[in-house]
2 protein chains.
Amino acid sequence: MKIDFDGIQAFVAIAELGGFSKASEHLHVTQTALTRRLQKLEAYLDLRLLDRTTRYVELTAVGREFLPQAKSIVGEVTRAVGTLKDMSSRGRGNFTIACIPTMASQALPAAIRRYALAYPGNRIRIIDASGFEVRDAVLHGQAEIGIGLPTDRHQELEETQLLEDPYMFFCREEHPLSNRDHVVWSDLHEAELIAISTMSANRLALDAQLEKHGINLSGRYEVRHLSTAIGLVAAGVGAAILPSSTLEVGARPGLRRIPLKGPTIKRKIVVIRRRNTTLSPAADAFVRLLLRRNDEQ
Amino acid sequence: MKIDFDGIQAFVAIAELGGFSKASEHLHVTQTALTRRLQKLEAYLDLRLLDRTTRYVELTAVGREFLPQAKSIVGEVTRAVGTLKDMSSRGRGNFTIACIPTMASQALPAAIRRYALAYPGNRIRIIDASGFEVRDAVLHGQAEIGIGLPTDRHQELEETQLLEDPYMFFCREEHPLSNRDHVVWSDLHEAELIAISTMSANRLALDAQLEKHGINLSGRYEVRHLSTAIGLVAAGVGAAILPSSTLEVGARPGLRRIPLKGPTIKRKIVVIRRRNTTLSPAADAFVRLLLRRNDEQ
DNA sequence: TTTGTTTATGCAAGGATAGCAATAATTACG
DNA sequence: CGTAATTATTGCTATCCTTGCATAAACAAA
């Protein structure tokens, strides 16, 4: 026979409120229904839980023993179901997002700020990691969604373009090109460039595109993180070609960010998620917020 | 809407066994039913708990979060219901009995020994207390059943006679009457008798019956407990009139227990329980065992 | 493409549940 | 002592739910 949650719920309500009628109001059913539910439960257990006349309701010895368990069961179920309904109806809930460092320090905080207004109380765990790690975090389920670079079009991953991030030329204001409103690739001297390590997903993406245009550049210095490259530029070691989002305009005095044309090369930033999986409402709302903003721009 | 325990149970089974078909075997329903249950739950929550194709079943982020709670719910409910069914079907369970001291040291242990054979594992808590306290313990629900003396026929109490306990004459073997096969009331000299305090339910019961027969006895010494009286008798302080069950024949060397006739006066021992209440199956079985034994004798 | 496996669905039947109205049981009050 | 008031129970019916069968659809592997 099927286990009868209604019966347990009825038992708790009747026992706690001390009567069928009061309990029936509380549960929004008729008192007839409660009588039946309790009878059914007692019949199933072959046990009397409540001794009752028309004047009073009283726990039996067994009922007294069962009541705390029953209360805990009813409480646990209603709490759990309530939480879930909250998730779906109001987008409540917590989720994890993986994100590459540049986005994590620029676009993501802004998005989170807007998200927090619409969904206060939701917690977001951020895994800030390299492009490869972002991909893996999503693939292995450590993060529901990722913000990163386009990957190898893995069978199980689905990528949606979030924005395009043009590569720009970064240098100190003392640099000969620092006053140009734009530079072209042929202006650049390989010798003074700080490059990103080929270990990086960024570098791979850049190289692939440069190759299409017959451009070939490799810097004198090689670092692994964009932030390190910026540091070297700031210290006057050299200049660098980095995604524009690496540093907002004017974020660091003495540094210049100059558009790079002929051709303009961009890296795509994508939202990554597992294919054929359902996002939690909280994460789903976040993704929609991210992408909607993107459309508007 | 009503909370759907079946759905939760289905969710757990499908998630844990990794498929609808396996889960359906486990729950002894068709796979169709499981599909429907899960669909209903998901529809109610407006939330997807399992991402599934015909080839695999996989938890969604929300499902992963919910699964432990769901498991705990299902476990708690099945455990609780199982315990209750055990109570009814096999008389499993623990209960409390209140009992007057003489019965607690004589008849009760024997009954418990027999009970333990039929219902191994059941724990019995014994409140050994005076007749008044036994009555109150039952009345106030501290004990489900009581073994004691007939009381004031309280509205809420129900008494069933368990046995009759004749008063007998207790003395040391040096006593002049010690070799008689019985004594009569007129043989007794008040001066050497040890009496029970009028605080005792025992004494009240005895006095009431003596009065009917025009016998009037009050001892020189007065004690509160039968066991104390026995002690005084054994020490040679005097003799006493006590219920036969106070001491089994030959239980203490040097002491004699002699039937007391003309008339024979007995105290009744009753099983006390609250009227209109249902005993736990464990306690009920014990009562029936007690009374059945009584009928057989 | 075919095949085998697994979940989903249309449909009909059976079962369970709720509500109404009336009844029975019990207490309180006149 | 009888009557009213309150409360749980029950008969009955309509409705809703659930199940199971048969079948379809989806998917992966050969």
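Residue numbers begin at 1 in each chain, while the letters A, B, ... track the order of the sequences. Hydrogens, waters and symmetry mates play no part in the numbers below; they use all other heavy atoms, side chains included. Remember, it's a predicted structure, so these values are computed and weren't measured experimentally.
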By ring-ring contact (aromatic ring centres under 6.0 Å, His included) - contacts of A/Phe5 (at least two apart): none

Would you mind reporting whether A/Arg273 and A/Leu279 have side-chain heavy atoms less than 4.5 Å apart? yes

In whole Å, I'd like the distance from the NZ atom of B/Lys22 to the P atom of C/dT6. 7 Å

What is the per-nucleotide protein-contact pattern of nucleotides 18-30 of chain C, from the 5' end, where B denotes a base atom under 4.0 Å from a protein heavy atom, S denotes such proximity for sugar-phosphate atoms only, and - denotes neither? SBBB---BBS---

A/Lys40 side chain near C/dT17 phosphate (N/O to OP1/OP2, under 4.0 Å): yes

Give the minimum heavy-atom separation between B/Ala70 and B/Val12, together with the two atoms involved. CB-CG2, 3.5 Å

Anything under 4.0 Å to a heavy atom of chain A counts; send over the first and last such nucleotide of DNA chain D, read 5' to 3'. D/dT6 to D/dC12

Taking only residues two or more places apart in sequence, or in another chain, which ones meet B/Phe20 in a ring-ring contact (aromatic ring centres under 6.0 Å, His included)? none

Do you know the tightest heavy-atom contact between B/Ala111 and B/Leu290? CB-CD2, 3.7 Å

Figure out the CD/P separation between B/Glu25 and C/dT6, and round it to whole Å. 10 Å

In whole angstroms, how far is the C1' atom of C/dT17 from the CD atom of A/Gln39? 13 Å

Distance alone, cut at 3.5 Å: any donor-acceptor contact between the side chains of B/Tyr115 and B/Asn122? yes

Does A/Arg275 CZ have over 12 foreign heavy atoms under 6.0 Å away? yes

Enumerate the salt bridge (charged side-chain N to carboxylate O under 4.0 Å, His left out) contacts for residues 72-84 of chain A, please, sequence neighbours excluded, ordered by first and then second residue. none

Give me the one residue out of A/Leu17, A/Ile14, A/Leu27 that meets side-chain contact (heavy atoms from CB on, under 4.5 Å) with A/Lys22. A/Leu17

Check the pair A/Glu159 / A/Lys268 against salt bridge (Lys or Arg N to Asp or Glu O under 4.0 Å), numbers first and verdict last. CA-CA 11 Å; A/Glu159 299 174 354; A/Lys268 293 186 196 304; over 6 Å; no

B/Asp4 atom CG is separated from C/dA16 atom P, nearest whole Å, by 16 Å

For the helix from C/dT1-D/dA30 to C/dG30-D/dC1, what angle separates the axis at the start from the axis at the finish, each from five pairs, in steps of 10°? 30°

Near B/Lys85 NZ, under 6.0 Å, is it more than 12 heavy atoms from other residues, nucleotides or ligands? yes

